[in-house]
Asks: 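A single structure is presented below for examination.
Each residue takes its place number in the sequence, starting with 1.
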Amino acid sequence: MVPMPAQPPLPPSSATHDVTNQPPPLAPYDASDDRALLEGLRREGAEWAEGDIRRLGVRAGGAQAQEWGELANRHEPELRTHDRYGNRVDEVDFHPSWHSLMGAAVEAGLAGAPWADERVGAHVARTAGGLVWGHTEAGHGCPTSMTYAAVPALRAEPDLAKAYEPLLTSRVYEPGLRVPTEKAGLLAGMGMTEKQGGSDVRTNTTVATPTGEPGVYTLRGHKWFTSAPMCDVFLVLAQAPGGLSCFLVPRVLPDGTRNTFRIQRLKDKLGNRSNASSEPEFDRTVAWLVGPEGRGVKTIIEMVNCTRLDCVMSSATLMRKTLVEAGHHARYRSAFGARLLDQPLMRNVLADLALESEAATTLTLRLAGAADRAVRGDAGERAFRRIATAVGKYWVTKRGPAFTAEALECLGGNGYVEDSGMPRHYREAPLLSIWEGSGNVNALDVLRALVREPESAEALFAELALARGADARLDATVTDLKRQLAEADQVTARRLVERMALALQAALLVRHAPPAVADAFCATRLAGDWGHAFGTLPAGTDLDTILERALPERG
């Protein structure tokens, strides 16, 4: 036999599995470690809440809460229409992680609690809490948002508010369908859209028929998109004899029987998959009138204003979360002989994202401050809130998808893998532009406010005037904005609202952010010294200051 040639020794079997040049897990981290957020919290009157916000931020960035977010999205809610005996139950089962997230959010006051808190800045504190707790995952923010928003609408019917408001403002999360008034805390949802109309709710065909009991009706119809169907009560729009009206629909009636709320199916959505969104059918469903007949839109509009603010907040949260993820990756990943964070072009990308994130966060907290002061009777802030919330809803939520895509790209192929969490954030981003009125709906709402409520435009320009003289580019933008306002029509509505949003963000940054941040924002977003993608800040931009502010070193 010919002898076999000697073989070199094989390397250890684990050699190909040594992992290098990969970042460590981000968690645990502090989701409240955000200078723009903390400065805005203090500026808008809720400095008393800073300790709570910081504790919530540590919890949100902790390994346990981050795992809750991942598990709640991996194990999606499941619909059970019938029990084993064939009885209709219409229940949705959630993973325990969903309940953990909900319990923590309600306990932190992110649902209806601010309406029972008399401290100045209570609504600002809630918004700041949402900006940090949202680092866990976005889906469970839907029922907390609707619960928060339901309270002012329900006040149109004092007797109902007296019965339900103490439970909607509770910090106790008590899942399960039971008689609402026998629970320690309630969640509220809303049923507005129908398949033939969508945002055009006046075309709703759900019919409300009066019973012999004052204020009590029965409903018959089919809603097209009703999220969080396991909430305890819902505000629903239906056609009463006097026109489109608002009704309170409990899942369980006062005598303990189930109200008819047939869940036909759960939506198979692009994102927001931890949250169940359903199509409920009403058939002799018992409902209580909220506000006068025929004033349904007027009654429920305050709920819409609140949820629109939460759309802005959630978009700003996604921006901040994905920026933190991108910055963390760049800090530990090396390429071409240097850390990504030290590469000039990556620094440009991250600094550009940081500008967008800070502008979104600053505007969010300004809107929350306006909401808080409007609740306390400030007419000027009420007028500002009316137009600025629609402006912010249009623009900040539009920026979310492009922002999250760029942040994902900072991770390269690693960001395209589900385990990174970035695909979940990317799928979430478009929802916030759609929910509570798409871009066109909000742009048209701004035009409507300009015509019907001219005091809102006056309030907006009064806000912009606070920054007059601080930056020539901003001054020129405001002057041009006044010209555009006189020529506004539907064709140019988006362009007008975009310019309003950029001017408002710039004015806030000029007044409150470091000069490096304000200058870079005005140079790019207002003066046009910018490309069509993130990472195109002009030469000479103070990238170091912007990045140090947005991505401070962590111990």
Side-chain angles (χ1 to χ4, degrees), residues 68-103 105-106 111 137-147 150 173-180 183 185-196 198 206 219-238 247-253 256-287 418 424 427-428 431 434-435:
W68 287 343
E70 194 276 326
L71 290 174
N73 282 272
R74 185 193 307 170
H75 303 283
E76 297 178 12
E78 297 182 355
L79 171 64
R80 286 189 297 115
T81 56
H82 297 77
D83 67 14
R84 59 179 290 195
Y85 305 106
N87 299 306
R88 191 95 196 192
V89 292
D90 296 290
E91 295 194 3
V92 181
D93 294 328
F94 292 86
H95 189 269
S97 291
W98 166 272
H99 296 296
S100 296
L101 290 164
M102 285 296 304
V106 173
E137 73 94 40
H140 74 290
C142 177
T144 57
S145 177
M146 292 190 296
T147 302
Y173 172 61
E174 187 177 325
L177 294 179
R178 291 181 289 282
V179 176
K183 297 179 70 174
L186 300 179
L187 295 175
M190 59 180 170
M192 296 172 62
T193 60
E194 296 181 4
K195 49 184 169 286
Q196 78 288 342
T206 296
L219 307 185
R220 187 172 187 275
H222 186 136
K223 294 296 177 181
W224 186 237
F225 221 106
T226 298
S227 290
M230 296 314 293
C231 287
D232 301 284
V233 296
F234 292 81
L235 289 178
V236 173
L237 292 179
F247 296 89
L248 180 74
V249 175
R251 285 295 312 266
V252 179
L253 296 171
T257 60
R258 293 285 182 94
N259 208 0
T260 305
F261 194 100
R262 299 192 187 110
I263 303 175
Q264 303 292 37
R265 61 172 173 170
L266 299 184
K267 298 290 193 179
D268 187 6
K269 299 175 293 183
L270 170 66
N272 201 249
R273 298 184 71 89
S274 69
N275 174 41
S277 296
S278 69
E279 291 179 39
E281 181 184 68
F282 303 137
D283 183 11
R284 291 173 292 180
T285 301
V286 182
E418 284 291 335
R424 169 158 56 92
R427 290 191 297 269
E428 186 71 29
L431 167 67
I434 297 169
W435 189 32

Asks: Please determine which of Glu428, His95, His75, Glu137 meets the side-chain hydrogen bond (donor to acceptor under 3.5 Å, both in side chains) test together with Ser274.
Replies: Glu137
Asks: Do you know the tightest heavy-atom contact between Lys223 and Val236?
Replies: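 Taking every non-hydrogen atom into account, CE-CG1, 3.7 Å.
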Asks: Considering all heavy atoms of both residues, which atom of Ala228 and which atom of Phe234 are nearest to each other, and what is their separation?
Replies: O-CZ, 3.4 Å
Asks: Considering residues at least two apart in sequence or located in another chain, which fulfil the salt bridge (charged side-chain N to carboxylate O under 4.0 Å, His left out) criterion with Glu70?
Replies: Arg74
Asks: For His222, what residues pass the ring pair (Phe, Tyr, Trp, His ring centres under 6.0 Å) criterion, not counting sequence neighbours?
Replies: none
Asks: Atom NZ of Lys183 and atom OH of Tyr173: how far apart are they, to the nearest 0.5 Å?
Replies: 8.0 Å
Asks: Do Asp268 and Arg273 meet the salt-bridge criterion of a basic N to acidic O distance under 4.0 Å?
Replies: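 Answer for the salt bridge query: yes.
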Asks: Dump the intermediate steps for side chain to side chain contact (heavy atoms under 4.5 Å, CB included) on Arg258 and Val252, then the final yes or no.
Replies: CA-CA 5 Å; Arg258 293 285 182 94; Val252 179; 4.1 Å; yes
Asks: Please report the closest heavy-atom contact between Thr285 and Thr260, naming both atoms and the distance.
Replies: OG1-O, 2.6 Å
Asks: Near Arg178 CZ, under 6.0 Å, is it more than 12 heavy atoms from other residues, nucleotides or ligands?
Replies: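 It does: Arg178 CZ has more than 12 such atoms within range.
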Asks: Within the structure provided, determine whether Asp90 and Phe261 are in side-chain contact (heavy-atom separation under 4.5 Å).
Replies: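 Not touching, per the 4.5 Å side-chain cut-off.
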Asks: Could you tell me whether Glu279 and Lys267 make a salt bridge, using a distance below 4.0 angstrom between a side-chain N and a carboxylate O?
Replies: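 Looking at Lys267 together with Glu279, the answer is yes, because their closest N to O distance falls below 4.0 Å.
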Asks: What's the shortest heavy-atom distance between Val106 and Ala111, and which atoms?
Replies: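 It is CG2-CB, 4.4 Å.
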Asks: Could you state the interatomic distance from CG (Leu177) to CE (Met230), rounded to the nearest 0.5 Å?
Replies: 3.5 Å
Asks: Does a salt bridge link Arg251 with Glu91, judged by any charged N lying under 4.0 Å from a carboxylate O?
Replies: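 Looking at Glu91 together with Arg251, the answer is no, because their closest N to O distance does not fall below 4.0 Å.
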Asks: Are any of the side-chain heavy atoms of Ser227 and Trp435 separated by less than 4.5 Å?
Replies: no
Asks: Quick one: side chain to side chain contact (heavy atoms under 4.5 Å, CB included) partners of Asp93, sequence neighbours excluded?
Replies: Arg80
Asks: Is the closest side-chain heavy-atom distance between Leu235 and Leu248 below 4.5 Å?
Replies: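 A side-chain contact under 4.5 Å exists here.
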Asks: Has Asn259 got a side-chain atom pairing as donor or acceptor with Pro250's backbone, closer than 3.5 angstrom?
Replies: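 Yes, Asn259 side chain to Pro250 backbone: donor-acceptor pair under 3.5 Å.
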Asks: Between Glu418 and Arg427 (salt bridge meaning N to carboxylate O under 4.0 Å), is one present in this structure?
Replies: yes
Asks: Nearest 0.5 angstrom please: Ser145 OG to Asn275 CG, how far?
Replies: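 Taking OG in Ser145 and CG in Asn275, the distance rounds to 10.5 Å.
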Asks: At what distance, to the nearest 0.5 angstrom, does NE2 of His140 lie from CZ of Phe94?
Replies: 12.0 Å
Asks: Out of Met146, Met102, Glu174, which one pairs with Leu187 under the side chain to side chain contact (heavy atoms under 4.5 Å, CB included) rule?
Replies: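 Among the candidates, only Met102 passes.
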Asks: Which heavy atom in Ser278 sits nearest to a heavy atom in Ile263, and how many Å separate them?
Replies: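 Reported closest heavy-atom pair: CB-CG2, 3.7 Å.
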Asks: Please round to the nearest 0.5 Å and tell me the distance separating atom CG of Leu71 and atom CG of Leu101.
Replies: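 The CG atom of Leu71 sits 9.5 Å away from the CG atom of Leu101.
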Asks: Look up atom CG in Leu431 and atom CG in Asn272, then write down how far apart they are to the nearest 0.5 Å.
Replies: 5.0 Å
Asks: What is the minimum heavy-atom distance between Pro229 and Thr226, and which atoms define it?
Replies: CD-O, 4.2 Å
